[in-house]
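Read the structure below first, then the notes.
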Amino acid sequence: MRCFAQAPCSSTVRAARAVIQEVPAAAHSSVSLLASCNTANAERAVHNLSRKCKLALPLKIADVSAVGKETIPILRLTEWFRFFMSANLWFMLSGLSAPDEERSTAQWSLFWSRFRAISPNHPVFQKSESELGRTCALIIHGDEGRSRKKTGILILSGHSVLGAGTEVHSEQRSCEEYTKQSLNFKGNTWSSRFLLAVMPKMYFDGERSPNLQLVLKEVASDARSLLETGVRSLTGQVHYVAVIYVIGDWPFLAKAFSLKRSYANSAKASASKQTPRGICHICRADQPGYPFEDWESARPRWKATENEDNPFDGFPSLLGVPHDTTRSVDFLGQDLFHSWHIGSGKIFVACALVLSSEYFPGTSAVRRFEELSEHFMLWCRTNRQQPYVRKITRDSVCWFGAGDSPVGTWSKGNTTLVLTRWFLSFCRSRRNEIAEESLMY
């Protein structure tokens, strides 16, 4: 698997050489060290240089035996937290900028007192109050992205629940609370996200699908060790880590937890004769007698079936992470951003675009969409927005006639965000033209 790092390292070396050619003065800087690396084995050369320049963390890479003869390299959670403790970095896990053991303890004590109301049966509450003040709440995150030539690649990481906050939050804050509970979004992700494993799709697809569970089994084992045994600080005190959620988009959650019910089970055609298996791991939505497209009832029938039916196929490795076993489905964090940006939001915005097109000049729907597209792209340039699309057409929303239900075809979640911002701006600018009986009102 390490060969996948070869190409980025080679590109980095070539980029350094190009910099020296364009700026000769760079030959007398550290850039020359990078440019001198041998591209025949660029990964090894760049890693050696990183260690020489003390740019690499002293973390040991472990190998997990995979299906076949390969091994999959991982960075263990225990290895990360031993490093944090050896470097006196525990304060960073609660969003502080300098070591302050008393304040960090107060932060985590407050966090767990609040989390108890959400998940009172979590095993972390077997700890004493003093131990809870030395326990970090951790989230495991998985996401499948795209590597070279659009090849799938899965990235596993972990991060603390608490952090430095958000840009908006910091701007609105007039004074800082002693036990602040800020979100972990602000700052460089290299200092707040901890890489656990990187797996090209060929390593967990088809016959090699068990490899994912093998890696997750190691993650679960580490998580249990960190909660039960913990790690010692420089002062000799034991600190603990409790994983409270595993998050990611639905494709990751479906694979990682071997879900029998997920979005992948939705009928592909209205005339499908196969008995629906359900589309939700929490309830029986879309199973016979429980329609999920019930927009009229104040309490849809599927609502009463939450946590009734086991959604897991067998015993997935991540269920070995200490959690509230009375409601294991709650251990799967809901991906609200993906659900909107590349889910229901795409449908909403597509419908909004069709309605908005009626306010643009043109004798045909094609012409009106051309005018809408020009207006949208101009708005993006004026407001410095990146839509990741070149134009908006009827193809973009799968709308070719009054009988069609608009659906967005773009793949970037940010496109949904930008289109929503444009739509709100457009509605404000045309509010005097929108009639009360219109769907736009």
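Small disclaimer: the values here were computed from a predicted structure and weren't measured.
- With a 4.5 Å cut-off on side-chain heavy atoms, Phe376 and Leu419 count as touching.
- Checking side-chain atoms of Asp205 against main-chain N and O of Lys201 turns up no donor-acceptor pair under 3.5 Å.
- Lys346 places no side-chain N or O within donor-acceptor distance of the main-chain N or O of Thr415, the cut-off being under 3.5 Å.
- At least one donor-acceptor pair under 3.5 Å links the side chain of Asn414 to the backbone N or O of Gln386.
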*Test side chain to side chain contact (heavy atoms under 4.5 Å, CB included) on Leu89 and Phe91 and set out the steps.*
CA-CA 5 Å; Leu89 296 175; Phe91 67 93; 4.1 Å; yes
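- Between the side chains of Thr78 and Asp222, at least one donor N or O lies within less than 3.5 Å of an accepting N or O.
- Taking 4.5 Å as the limit, every side-chain heavy atom of Ile279 sits out of range of all side-chain heavy atoms of Ser262.
- Note that CZ of Arg428 and CG of Leu424 are 5.5 Å apart. Values are rounded to the nearest 0.5 Å.
- In this structure, Phe194 has its ring center no closer than 6.0 Å to that of His159.
- When side chains are defined from C-beta on, Val31 counts as touching Ile20, because their heavy atoms get closer than 4.5 Å.
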*Does the pair Phe426 and Ser356 meet the rule for a side chain to side chain contact (heavy atoms under 4.5 Å, CB included), with working shown?*
CA-CA 8 Å; Phe426 175 77; Ser356 302; 3.9 Å; yes
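- In this structure, Lys127 forms a cation-pi arrangement with Tyr240, its terminal cationic atom sitting closer than 6.0 Å to the ring centre and no more than 45° off the ring axis.
- Checked for salt-bridge contact, Lys391 and Glu374 miss the test: no charged N lies under 4.0 Å from a carboxylate O.
- Atom CE of Met85 and atom CD of Gln237 lie 8.5 Å apart (nearest 0.5 Å).
- Looking at heavy atoms from C-beta onward, Leu212 lies in side-chain contact with Met199 at the 4.5 angstrom threshold.
- Expressed to the nearest 0.5 Å, how far CZ of Arg261 lies from SG of Cys283 amounts to 7.5 Å.
- Remark: side-chain polar atoms of Ser396 are paired, donor with acceptor, to backbone N or O of Thr393 under 3.5 angstrom.
- Among all heavy-atom pairs drawn from Leu214 and Ser65, the shortest one is CD1-O, 3.4 Å.
- Side-chain atoms of Ser328 and His323 include a donor-acceptor pair closer than 3.5 Å.
- Considering all non-hydrogen atoms of both residues, Leu162 and Ser94 come closest at CB-CA, 3.8 Å.
- Residues Leu93 and Ser160 come closest through the heavy atom pair O-OG, 2.5 Å.
- The heavy-atom pair separating Ala45 from Cys37 by the smallest distance is CB-CB, 3.8 Å.
- Residue Phe331 forms a side chain to side chain contact (heavy atoms under 4.5 Å, CB included) with just one option from Thr325, Asp324, Val246, and that option is Val246.
- Remark: side-chain polar atoms of Arg134 are paired, donor with acceptor, to backbone N or O of Val238 under 3.5 angstrom.
- Residues Phe84 and Phe81 bring their aromatic ring centres within 6.0 Å.
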*I would like to know whether Ser191 and Met92 meet side chain to side chain contact (heavy atoms under 4.5 Å, CB included); could you show each step before the answer?*
CA-CA 9 Å; Ser191 62; Met92 294 181 60; 4.1 Å; yes
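- A donor-acceptor pair is defined here as one N or O able to donate and one able to accept, closer than 3.5 Å; no such pair exists between the side chain of Thr135 and the backbone of Val241.
- Residue Leu33 holds its CG atom at 11.0 Å from OG of Ser50, rounded to the nearest 0.5 Å.
- A cation-pi geometry, defined here as NZ or CZ lying under 6.0 Å from the six-membered ring centre and within 45° of its normal, holds between Arg103 and Tyr178.
- The two residues Pro58 and Glu79 have their closest heavy-atom pair at O-OE2, 3.9 Å.
- In this structure, Trp108 has no side-chain hydrogen bond (donor to acceptor under 3.5 Å, both in side chains) partners at least two apart in sequence or on a different chain.
- Rounding to the nearest 0.5 Å gives a distance of 9.0 Å between CG of Asn41 and CG of Asn48.
- For the pair Pro73 and Ile61, the tightest heavy-atom approach, listed with the atom from each and the gap, is CB-CG2, 3.6 Å.
- The aromatic rings of Phe348 and Trp340 sit tilted, their planes meeting at an angle between 30° and 60°.
- Within the 3.5 Å criterion, the main-chain N or O of Asn188 finds no donor-acceptor partner in the side chain of Arg193.
- Figure legend: Arg394 and Phe369 shown without cation-pi pairing, the cationic atom not lying both under 6.0 angstrom from the six-membered ring centre and within 45 degrees of its axis.
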*Candidate pair Leu132 and Arg116, rule side chain to side chain contact (heavy atoms under 4.5 Å, CB included), full reasoning*: CA-CA 11 Å; Leu132 287 175; Arg116 192 189 294 269; 3.9 Å; yes
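- Between Phe252 and Phe257, a ring centre-to-centre spacing not shorter than 6.0 Å is recorded.
- By the 30° and 60° cut-offs, the orientation of the rings of Phe115 relative to Trp112 is perpendicular.
- Checking Arg208 against Asn211 by side-chain atom types alone, no donor-acceptor pair falls below 3.5 Å.
- The shortest distance between side-chain heavy atoms of Leu49 and Arg51 does not fall below 4.5 Å.
- No side-chain donor from either of Thr179 and Gln107 sits under 3.5 Å from a side-chain acceptor of the other.
- Residues Arg368 and Pro361 have side chains not in contact (no heavy-atom distance under 4.5 Å, counting atoms from C-beta outward).
- Judged by distance alone, with hydrogens and angles left aside, the side-chain atoms of Asn265 form a donor-acceptor pair with the main-chain N or O of Lys260 at under 3.5 Å.
- Panel note: side chain Ser104, backbone Glu101; no donor-acceptor pair is recorded below 3.5 Å.
- Considering only heavy atoms from C-beta on, Ser233 stays 4.5 Å or farther from Trp90 through its side chain.
- Leu110 has its side chain within reach of Ser113: a pair of non-hydrogen atoms, C-beta onward, lies under 4.5 Å apart.
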*Evaluate the salt bridge (charged side-chain N to carboxylate O under 4.0 Å, His left out) criterion for residues Glu370 and Arg367: first the C-alpha distance (whole Å), next the side-chain angles of each, then the deciding distance (0.1 Å), finally the verdict.*
CA-CA 5 Å; Glu370 289 176 354; Arg367 180 56 188 162; 2.8 Å; yes
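- Between the CG atom of Leu318 and the CG atom of Leu216 there is a distance of 4.5 Å, given to the nearest 0.5 Å.
- Crowding of Glu102 atom CD: a count of heavy atoms from other residues, nucleotides or ligands under 6.0 Å not exceeding 12.
- No donor-acceptor pair closer than 3.5 Å links the side chain of Ser221 to the backbone N or O of Lys217.
- A donor atom on one side chain and an acceptor atom on the other are found under 3.5 Å apart for Trp410 and Thr416.
- At a cut-off of 3.5 Å, with distance as the only test, a side-chain donor of Arg421 or Gln385 sits close to an acceptor on the other residue.
- Ion pairing between a basic and an acidic side chain is recognised when a charged N comes within 4.0 Å of a carboxylate O; Glu433 and Arg430 show such pairing.
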